[in-house]
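Comments concern the structure below.
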Protein chains: 2
Amino acid sequence: MTAAAIPRYRQLKELIIRRISTGELRPRDRVPSENELVDSTGVSRMTANRALRELNDEGYVDRVAGVGTFVADFKAASHVLEVRNIADEISLRGHDHSANILLSSETPADAIAAAALHVNINAPLLRLRLVHMESDIPIQLEDRFVLPEFAPEFLQQNFAGITPSAFLSSVSPLQEAEHVVRAAMPDEETRNSLNMEDNEPCLVVTRTTWAHGQPVSFARLYHPGSRFELSGHYAPPGAEAASRRPEHGARQNES
Amino acid sequence: MTAAAIPRYRQLKELIIRRISTGELRPRDRVPSENELVDSTGVSRMTANRALRELNDEGYVDRVAGVGTFVADFKAASHVLEVRNIADEISLRGHDHSANILLSSETPADAIAAAALHVNINAPLLRLRLVHMESDIPIQLEDRFVLPEFAPEFLQQNFAGITPSAFLSSVSPLQEAEHVVRAAMPDEETRNSLNMEDNEPCLVVTRTTWAHGQPVSFARLYHPGSRFELSGHYAPPGAEAASRRPEHGARQNES
DNA sequence: TGCACTAGCCTGTATATACAACCTCGGGAA
DNA sequence: TTCCCGAGGTTGTATATACAGGCTAGTGCA
């Protein structure tokens, strides 16, 4: 019966998502229990369980053992922005990525880097400053500190072929990261390195990377405000149902 | 056997995550098949299936029917930034949120709003401009357009008690959204509304919201660069294993 | 009236079994 | 030699069954 090739647990999920998105089921409403779904749709309890469990994992519903399943409260839903690898982002736009190294040396930690990496001020760190170019237009100034113990051979890499962040995640996958994004005016040196106009602001991304519970790298990424933007598309997961998605063109100002 | 109260599928997941994070299993390596896990750990195939399936959903591994399970390639992992509701963000910091309405009227669509909402220029739209205050300090200028058909009663809401975005998501949950973040200099009016210094840049978030496959609202959110930042913490999902997480303080510049 | 306890529902997990679809690889036929 | 096809391994789904543990409401006792 029913549609061919669409698994029953998925049909069940879409049925419930549809009832939520049309407003038939409202936040905090009770969702049919596993046994009620068994009776009303004829699936086995394990199949109903899988449908409801996945809806729970995806944030559509909240389940409480012994009580029931309820439509989640969406008002706190926070959307997300992607922070991609700069080289991937550039090649995604069909342009060429290259990098100019400005500085590559072992330097003592300044106050900010020391705090971020949980080391003492003046502790030795590996420092790399380079400008990422998109088809020969500077698009990002990366100023990065790395804990020497984590990747002693960091500065010896050929950063024409691999970005610093890609190299670090190849040293240890499954890193945690913390990002902060803000708008700020660049200093003289940054403005010149990025070929920026007077009075043009920077989009600054600060990233601290953790591996095995320890901070291992700290980076400040400066982007010209007129040539760079972060974008992100959020869609509720698992909903093949309705929702034609908006085309997600990687817009970029030409300048 | 083993630890009490930790489900076996979860123990299996953590076992495999540990093997990945220590480097014993490297990206593209083959992960033991379900039947191999059955033989080596004594669980049933359904339990092994659940462990591997969830690792697949969480992005740790890639599964191919008929072939096997392989450690995922993490180098393309894109991190995410959260864009929260401004009122939630403020109350999360323990401050008070209030809002000053600057404009509330039906206006014809300008070129940008018309393009974003897929309507003709000069089509009637509901427009709301308001300043969000954090303990009486202006923190966000929201300039929003809403499709009248979607929420005809939009302008009649009391936006002291509910933010425009929270109201819209109560009209229809499960919205899709597209965000763009950039740095730009404010115009005169914006700078005054937000009490900004001369030469201070704005962090500008542009958000288009979709419901049922149709764009329904378009907003530009201007934030003073010196008083606002976006932050996000990324941790690989499901890994209770190691990884002490960095404390995620909601930092904010004072001034 | 007030309280303790239990019956009954709910989710969470674990297993054995079954079948379908897919892919790879090697053996056998042309 | 080359091509086809099938055997065997792998994932994907579906079901029936079982037991544990949490929560609630209502019964019945004090």
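Any value given below was found using the heavy atoms of this structure, including those in side chains, with hydrogens, waters and symmetry copies removed. Fair warning: this is a prediction, and the values are worked out from it, not measured in the lab. Below, read A as the first sequence line, B as the second, and so on, with proteins coming before strands; counting in each chain starts at 1.
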TODO: Please report, rounded to the nearest Å, how far the C1' atom of C/dT15 is from the CG atom of B/Leu37.
DONE: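 In whole Å, C/dT15 C1' and B/Leu37 CG are 16 Å from each other.
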Open item on the list: If I take atom CD in residue A/Glu54 and atom P in nucleotide C/dT13, what distance separates them, rounded to the nearest angstrom?
Closed with: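 That distance rounds to 14 Å.
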TODO: Using a strict cut-off of less than 4.0 Å between a Lys/Arg side-chain nitrogen and an Asp/Glu carboxylate oxygen, indicate whether A/Glu178 and A/Arg207 qualify as a salt bridge.
DONE: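 Result for this pair is no, no salt bridge flagged.
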Task: Side-chain donor/acceptor of A/His223 to backbone N/O of A/Leu203, under 3.5 Å - done: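 Yes; at least one donor-acceptor contact below 3.5 Å.
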Do [X] and [Y] have side-chain atoms, one donor and one acceptor, less than 3.5 Å apart?
{"X": "B/Arg63", "Y": "B/Thr69", "value": "yes"}
{"X": "B/Glu134", "Y": "B/His97", "value": "no"}
{"X": "A/Asn85", "Y": "A/Thr163", "value": "yes"}

Open item on the list: Return a single string for nucleotides 3-14 of chain D, one symbol per nucleotide in 5' to 3' order, where B is base contact, S is sugar-phosphate-only contact and - is none, cutoff 4.0 angstrom on heavy atoms.
Closed with: ------BBBBBB
